[in-house]
Amino acid sequence: MMKLTAQVEDISRSTLLITADTVVVYQGTIREKPTTAEEARRFIRDYSGGSGKVVGSAVVTNLVTGSRKGGWESAEVYFLEIPDEVIDGLIEEGITFNVAGGLMLEHPLILPLVDTVVGTADCVMGLSKTLTEKLMKEALVEAMV
């Protein structure tokens, strides 16, 4: 009984550090945040009428035990044609420079132009809830062993 109580107390005192990152893969090339207007325009034009694969990774570290669990998840996003005026608006707004691959799925200019998402929207948006919960449970369960 003493060991079980100690394990429960260890878990309740656990502090988890969650880190994550996302990239877009287009035709085998990894794309992070665009750094220039020209690069952003090229990224978005490439997706127009096509697709991009979003790969999100997460690492959960239990700062009490040192246990570290990591994984990744991906989703494919298919777009309708993206008009030049939408591309211009996104670049002018500047949001395209803050996101991997240059596009934010939930942006009001982009969302109507998304044809299909194969995978989860939260993966595309930067942090998979399912993956993160799985890694958190693994980091906490390992603390009980």
Side-chain angles (χ1 to χ4, degrees), residues 6-145:
Q7 289 174 341
V8 171
E9 286 175 7
D10 285 346
I11 289 173
S12 68
R13 288 184 283 144
S14 290
T15 300
L16 300 179
L17 172 65
I18 301 169
T19 55
D21 199 9
T22 303
V23 296
V24 172
V25 178
Y26 178 77
Q27 294 184 349
T29 301
I30 294 174
R31 291 181 166 178
E32 296 193 38
K33 298 172 186 166
T35 57
T36 66
E38 294 76 28
E39 186 176 48
R41 187 175 310 282
R42 180 173 50 85
F43 281 9
I44 300 169
R45 279 194 178 137
D46 285 347
Y47 308 136
S48 183
S51 67
K53 183 177 187 173
V54 178
V55 181
S57 62
V59 175
V60 176
T61 304
N62 185 324
L63 297 177
V64 173
T65 65
S67 172
R68 180 176 292 159
K69 302 296 176 181
W72 62 274
E73 186 175 298
S74 66
E76 189 88 16
V77 182
Y78 293 86
F79 296 94
L80 302 172
E81 294 296 323
I82 303 173
D84 285 340
E85 51 275 8
V86 169
I87 297 171
D88 294 340
L90 292 167
I91 292 170
E92 185 177 313
E93 184 180 292
I95 192 69
T96 192
F97 301 105
N98 298 325
V99 291
L103 284 181
M104 201 162 109
L105 178 74
E106 67 274 22
H107 193 284
L109 291 175
I110 290 300
L111 193 55
L113 301 173
V114 173
D115 183 34
T116 307
V117 175
V118 179
T120 64
D122 58 328
C123 174
V124 176
M125 294 165 67
L127 184 63
S128 166
K129 180 180 176 183
T130 304
L131 174 62
T132 304
E133 287 176 345
K134 173 186 170 286
L135 298 173
M136 288 171 64
K137 286 177 186 173
E138 289 176 6
L140 289 171
V141 166
E142 191 168 286
M144 292 178 61
V145 178

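Residue numbers start at 1 and run along the sequence shown. Atom set for the values below is all heavy atoms of this structure, side chains included, hydrogens, waters and symmetry mates excluded.
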Under 3.5 Å donor-acceptor pairs involving side-chain atoms of residues 114-128, not counting sequence neighbours:
residue	atom	partner	partner atom	Å
Thr120	OG1	Glu73	OE2	3.0
Thr120	OG1	Asp122	OD1	2.8
Thr120	OG1	Cys123	N	3.3
Asp122	OD2	Lys129	N	2.5
Ser128	OG	Glu73	OE1	2.8
Ser128	OG	Glu73	OE2	3.3
Ser128	OG	Leu131	N	3.1

Exercise. Side chains of Leu140 and Asn62: does their closest heavy-atom pair fall under 4.5 Å?
Worked result: yes

For this session: Would you mind reporting whether Ile91 and Arg41 have side-chain heavy atoms less than 4.5 Å apart?
Result: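 Touching, per the 4.5 Å side-chain cut-off.
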
[atom1]/[X] to [atom2]/[Y] distance, rounded to the nearest 0.5 angstrom?
X     : Y     : atom1 : atom2 : result
Glu39 : Arg31 : CD    : CZ    : 8.0 Å
Thr19 : Arg68 : OG1   : CZ    : 7.5 Å
Thr29 : Asp46 : OG1   : CG    : 9.5 Å
Leu16 : Thr61 : CG    : OG1   : 8.5 Å

For this session: Could you tell me which residues satisfy salt bridge (charged side-chain N to carboxylate O under 4.0 Å, His left out) with Asp21, sequence neighbours excluded, listed by chain and number?
Result: none

Exercise. Quick one: which of Leu113, Leu109, Leu90 gives a side chain to side chain contact (heavy atoms under 4.5 Å, CB included) with Leu103?
Worked result: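 Output: one option passes, namely Leu90.
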
Exercise. Does CG belonging to Leu80 count more than 12 external heavy atoms closer than 6.0 Å?
Worked result: yes

For this session: Could you tell me whether Glu133 and Lys137 have a side-chain N and a carboxylate O separated by less than 4.0 Å?
Result: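 Answer for the salt bridge query: no.
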
For this session: Name all pairs fulfilling the ring pair (Phe, Tyr, Trp, His ring centres under 6.0 Å) condition that reach into residues 43-84, sequence neighbours left out, sorted by first residue then second.
Result: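 Every pair satisfying ring pair (Phe, Tyr, Trp, His ring centres under 6.0 Å) with a residue in residues 43-84: Tyr26-Tyr47, Tyr47-Phe79.
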
For this session: Please list all pairs passing the side chain to side chain donor-acceptor pair (under 3.5 Å) test where one or both residues lie in residues 89-105, with sequence neighbours left out.
Result: Glu93-His107

For this session: Kindly write out the residues that satisfy side-chain hydrogen bond (donor to acceptor under 3.5 Å, both in side chains) with Ser48, not counting sequence neighbours, or none if the list is empty.
Result: Glu81

For this session: Quick one: list whatever passes side chain to side chain contact (heavy atoms under 4.5 Å, CB included) with Lys33, sequence neighbours left out.
Result: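 Partners of Lys33 by the side chain to side chain contact (heavy atoms under 4.5 Å, CB included) criterion come out as none, since no residue qualifies.
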
Problem set entry | Heavy-atom pair of closest approach, residues Gly101 and Pro34 | C-CD, 4.4 Å

For this session: Identify the two heavy atoms, one from Glu76 and one from Ser51, that lie closest to each other, and give their separation to 0.1 Å.
Result: OE2-OG, 2.9 Å

For this session: In sequence, state the C-alpha distance, the side-chain angles, and the governing distance for Glu38 and Arg42, and then conclude on salt bridge (charged side-chain N to carboxylate O under 4.0 Å, His left out).
Result: CA-CA 6 Å; Glu38 294 76 28; Arg42 180 173 50 85; over 6 Å; no

